[in-house]
Number of protein chains: 2
Amino acid sequence: MTQTDTKTRILDCAERLFAREGYHATSLRTLTKEAEVNLASVNYHFGGKEALLQAVLERHLLPLNAIRRDKINSVLEQARNRSTAPETEELLRAFVIPTFDFRDSAPGARDFVTMIGRAMNEPDATVRNAFLILIIPLFKEFFAALRLALPQLPPAVLLARLQYSMGALSQALHTGKDDAAQHFDIPVTLNNQERINQLLNFMQAGLEAPL
Amino acid sequence: MTQTDTKTRILDCAERLFAREGYHATSLRTLTKEAEVNLASVNYHFGGKEALLQAVLERHLLPLNAIRRDKINSVLEQARNRSTAPETEELLRAFVIPTFDFRDSAPGARDFVTMIGRAMNEPDATVRNAFLILIIPLFKEFFAALRLALPQLPPAVLLARLQYSMGALSQALHTGKDDAAQHFDIPVTLNNQERINQLLNFMQAGLEAPL
DNA sequence: ACACGTTTTAAACAAGTGTTTAAATGGCCG
DNA sequence: CGGCCATTTAAACACTTGTTTAAAACGTGT
């Protein structure tokens, strides 16, 4: 399967370079040289640079969103069976945990997670919209679920808090060892699980804050 | 003062285009045409595109950071006079409020705030580092002040929560009417002051969350 | 009015961009 | 083997990029 090899090699390389250098800063010549494929193969297999970006996003984000959707619906169903409102914490876990599970599941997955952590804040509308189109349907479901967990919050307030939560998540996803944190000389640092728990704590406290 | 006119016209245009299209997506030809100056004047007055970016950031971020630093120190001094620990809420206000005050102070200021809201998450290291170098000293002071307000938190936990808070702030700064929010049909939306209060509430609750 | 330093201008530069083309290669089946 | 399809390849295309150059224009102080 030379075709599959070529396509995946391009996708793998693209997701690494897009995550580390950015979409605009990555040229097809750098990309194809590093992937050891011909320059024209990107256009042949994907149709262009922008279509490649979309393919990179879809490859992992669609399955990831499906998992998140399932987990959210599972939390909702359990709440219905109990005839109670779903817990904010459970919904947050359903949305957040799959991302970190995926990040640690494969070597290249970390780059992809970094990429989507930054995509929401991309200055370039091309990249930002390509990501938003894939994530907004899930956002709407997540928002509707949180409405059930926090019925006392006005919708506009919940929406604002959800946006702030996504900003916190974004930070957690793309912040690495090379980041600003190294400028703070902290004696002990947090391991992965502790960081995830801190993030969930933070989001839950912010979402459930008194009005 | 033709010189000042040219320099400021370039700076104004650069901050608008960098904020709306991104640094890489903005070409000097687009920029200079829109600013109605000669193409070469960017290199003559600033030395190059990257130096222009730094000048754009410094022009407003240095004064803004000075204000934030003063307000933080003022909160700390008042706490010392009372012989009590500073309040998390007061420190947050000292850090956050000046940014929004600045945003509403001038027509072009909104673009600058959008830009710094995104700069922290920039995929491109050139832009990200140019911003981080200017903001990290203030971050360290802010972190030290928050340590006094939240002495029971391990430093690593506080640092993580501070990063998440900055993610929330970043969202609040660069999120506009054109953003994902428009996909949610919410009956009533929040005005500026309400959004700021919600952000402060969110950050405070997250920072002060029980361990 | 002249001269000097600063600023503006148009043109050219060298390099890099995404994309397209047409020929070459490859493998598979009749 | 020969024909056909998908794939790969190298080259060229048309265009844009940031930067540099040298001459022109400008403004100011004497």
In whole angstrom, give the distance that lies between atom [atom1] of [X] and atom [atom2] of [N].
| X | N | atom1 | atom2 | result |
| --- | --- | --- | --- | --- |
| B:E36 | C:dT8 | CD | C1' | 15 Å |
| B:I10 | D:dG18 | CD1 | P | 13 Å |
| B:L52 | D:dT17 | CG | P | 15 Å |
| A:F18 | C:dG18 | CZ | C1' | 12 Å |
| B:L53 | D:dG18 | CG | P | 13 Å |
| B:K49 | D:dT20 | NZ | P | 15 Å |
| A:Y44 | D:dC5 | OH | C1' | 9 Å |
| B:N43 | C:dC13 | CG | P | 18 Å |

Can you give me the closest heavy-atom contact between [X] and [Y], atom names plus distance?
| X | Y | answer |
| --- | --- | --- |
| A:V157 | B:Q198 | CG1-OE1, 3.3 Å |
| A:T114 | A:H174 | O-CB, 3.6 Å |
| A:R161 | A:L207 | NH1-O, 2.8 Å |

(request) Check every strand shown and say whether A:T26 touches a base, only sugar-phosphate, or nothing at a heavy-atom separation below 4.0 Å. (result)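 Contact class for A:T26: sugar-phosphate only.
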Has [X] got a side-chain N or O lying under 4.0 Å from the OP1 or OP2 atom of [N]?
| X | N | result |
| --- | --- | --- |
| B:T6 | C:dT8 | yes |
| A:H45 | D:dT8 | yes |
| B:S27 | D:dT16 | no |

Using atom names, set out every protein N or O paired with an N or O of nucleotides 10-14 of chain D below 3.5 Å, distance rounded to 0.1 Å.
none

(request) Look up atom CZ in A:R20 and atom CG in A:D111, then write down how far apart they are to the nearest 0.5 Å. (result)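 Reported value, rounded in 0.5 Å steps: 4.0 Å.
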Polar atom pairs between nucleotides 22-24 of chain D and protein, under 3.5 Å, N or O only, would you list them?
none

(message) Within the supplied structure, the quantity of interest is the number of heavy atoms (other residues, nucleotides, ligands) at a distance under 6.0 Å from A:E194 CD; does it exceed 12?
(response)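 Yes, the 6.0 Å shell around CD holds more than 12 heavy atoms from other groups.
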(message) With a sphere of 6.0 Å drawn around CZ of A:R103, does it hold more than 12 non-hydrogen atoms of other residues, nucleotides or ligands?
(response)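 Atom CZ in A:R103 is crowded, with more than 12 foreign heavy atoms closer than 6.0 Å.
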(message) Under a 3.5 Å cutoff, is there a donor and acceptor pairing between the side chains of A:N65 and A:R68?
(response)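 A donor-acceptor contact under 3.5 Å links the two side chains.
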(request) Measure from the ring center of B:F202 to the ring center of A:F202 and say whether it is less than 6.0 Å. (result)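 Centroid separation for B:F202 and A:F202: below 6.0 Å.
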Donor-acceptor pairs under 3.5 angstrom involving side-chain atoms of residues 48-62 of chain A: please list them, not counting sequence neighbours.
unit_1: A:K49; atom_1: NZ; unit_2: A:Y23; atom_2: O; d: 3.0
unit_1: A:K49; atom_1: NZ; unit_2: A:T26; atom_2: O; d: 2.7
unit_1: A:Q54; atom_1: NE2; unit_2: A:E58; atom_2: OE2; d: 3.1
unit_1: A:R59; atom_1: NH1; unit_2: A:D12; atom_2: OD1; d: 3.1
unit_1: A:R59; atom_1: NH2; unit_2: A:D12; atom_2: OD1; d: 3.0
unit_1: A:R59; atom_1: NH2; unit_2: A:E15; atom_2: OE1; d: 3.4
unit_1: A:H60; atom_1: ND1; unit_2: A:E15; atom_2: OE1; d: 3.3

